[in-house]
Colleague: 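Got a structure for you, written out below as structure tokens; questions coming shortly.
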Amino acid sequence: MSFHRRFALLTPLVLAFCADAASAADTPVLGKPVSEADIALWDISIGPDGKGLPAGSGTSTQGAAIYAQKCEVCHGKGGYGGKNAALASPPDKRERTMATYVPHATTIFDFTRRAMPWPQPKSLTNDEVYALTAYVLALNKIIGENDVMNKDTLAKVQMPNRDAFVSRYPEKH
């Protein structure tokens, strides 16, 4: 039997099988079902009001030690002078930094928790994130050095730009 004849006989069978398989599934069979527990691992958004903040706590003093170990190489000693964004102004200058720009302290917690430290995002414990957030806020003189940050206190921090912040996307607020 020639190739063309075999092709002509097999083509309708292959097409019929493919059509049957396609009609059997409403959607492509890709991936696997996601459980609520799986979603919870990634659903770590923190709102301005503190909704979604986890248990844990930290102080500026605790944050300073963590900062020296995990953050200083990129952000510089004391939060400035590093190769990446300054987290605090040098003592002789008053520059806009992330801490003086964002309208809510929870934003600092949320970003740090998701994206830091750079080579290992999401590797910090909740206590470490609270401590680092307290350290950055204290560097910018937004909170006192002995203030404890936790899910009850963080959302209450009054940020310097809270009432002057202009959203790039005002229709979403």
Colleague: When rounded to the nearest 0.5 angstrom, what distance separates CZ in Arg113 from NZ in Lys122?
Modeller: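 Separation between the atoms: 8.0 Å.
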Colleague: May I ask whether Tyr80 and Met98 are part of the same hydrophobic cluster, defined by side-chain heavy atoms of I, L, V, M, F, W, Y residues being less than 4.5 angstrom apart, directly or through others?
Modeller: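 Unlinked, Tyr80 and Met98 end up in two clusters.
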Colleague: Any chance NZ of Lys77 has more than 12 other-residue heavy atoms, nucleotides or ligands included, within less than 6.0 Å?
Modeller: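 No, NZ of Lys77 has 12 or fewer neighbouring heavy atoms, counting only those of other groups under 6.0 Å.
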Colleague: Tell me, with the steps shown, if Thr153 and Asp147 meet side-chain contact (heavy atoms from CB on, under 4.5 Å).
Modeller: CA-CA 9 Å; Thr153 59; Asp147 290 351; over 6 Å; no
Colleague: Looking at every heavy atom in both Ile108 and Thr133, which two are closest together, and how far apart are they?
Modeller: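 It is CG2-CG2, 4.0 Å.
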Colleague: Enter the distance from Thr106:OG1 to Asp110:CG here, rounded to the nearest 0.5 Å.
Modeller: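 One gets 7.5 Å once the value is rounded to the nearest 0.5 Å.
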Colleague: List for me each residue that meets salt bridge (charged side-chain N to carboxylate O under 4.0 Å, His left out) alongside Lys70, sequence neighbours excluded, and say none if there are none.
Modeller: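 Expected list: Glu128.
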Colleague: Would you kindly confirm whether Ile142 and Tyr135 end up in one hydrophobic cluster when ILVMFWY residues are joined by side chain heavy atoms under 4.5 Å apart?
Modeller: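 Yes; tracing contacts between hydrophobic side chains, which count when under 4.5 Å, links both residues.
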Colleague: Please confirm whether the backbone N or O of Ala105 pairs with a side-chain atom of Arg162, one donor and one acceptor, at under 3.5 Å?
Modeller: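 Here the side-chain-to-backbone pair does not exist.
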Colleague: Taking atom CD as the centre, does Glu145 end up with more than 12 heavy-atom neighbours from other residues, nucleotides or ligands that are less than 6.0 angstrom away?
Modeller: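 No - once you tally the heavy atoms of other residues, nucleotides and ligands closer than 6.0 Å, there are 12 at most.
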Colleague: Can you hop from Val148 to Ile143 via hydrophobic side chains spaced under 4.5 Å?
Modeller: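 No.
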Colleague: Could you pull out the closest heavy-atom pair between Val73 and Lys83, with the gap in Å?
Modeller: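 For Val73 and Lys83, the tightest heavy-atom pair comes out as O-CE, 4.0 Å.
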Colleague: Between Lys151 and Tyr130, which heavy-atom pair has the shortest distance, and what is it?
Modeller: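 Answer, listing the atom of Lys151 first, then Tyr130: N-OH, 3.3 Å.
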Colleague: Quick one, Leu154 with Leu137, criterion side-chain contact (heavy atoms from CB on, under 4.5 Å). Give me CA distance, side-chain angles, the key distance, then yes/no.
Modeller: CA-CA 10 Å; Leu154 187 62; Leu137 292 171; 4.1 Å; yes
Colleague: Can you name the salt bridge (charged side-chain N to carboxylate O under 4.0 Å, His left out) partners of Arg96, sequence neighbours left out?
Modeller: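 With neighbours one apart ignored, the set is empty.
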Colleague: Tell me which donor-acceptor pairs under 3.5 Å the side chains of residues 46-60 have, and how far apart each pair is, sequence neighbours excluded?
Modeller:
residue, atom, partner, partner atom, Å
Asp49, OD1, Lys51, N, 2.9
Thr59, OG1, Gln62, N, 3.3
Thr59, OG1, Gln62, OE1, 3.3

Colleague: Less than 3.5 Å apart, which donor and acceptor atoms pair up between the side chains of residues 85-95 and the rest of the protein, not counting sequence neighbours?
Modeller:
residue, atom, partner, partner atom, Å
Ser89, OG, Glu95, N, 2.9
Ser89, OG, Glu95, O, 2.8

Colleague: Under the 4.5 Å side-chain heavy-atom rule for ILVMFWY, direct or indirect, which residues accompany Trp42?
Modeller: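 Joined to Trp42, directly or through intermediates: Leu41.
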Colleague: Mind running side-chain contact (heavy atoms from CB on, under 4.5 Å) on Leu132 and Tyr67 for me, showing each step along the way?
Modeller: CA-CA 7 Å; Leu132 287 168; Tyr67 181 89; 3.9 Å; yes
Colleague: Could you tell me which residues satisfy salt bridge (charged side-chain N to carboxylate O under 4.0 Å, His left out) with Asp127, sequence neighbours excluded, listed by chain and number?
Modeller: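 Result, salt bridge (charged side-chain N to carboxylate O under 4.0 Å, His left out) vs Asp127: none returned.
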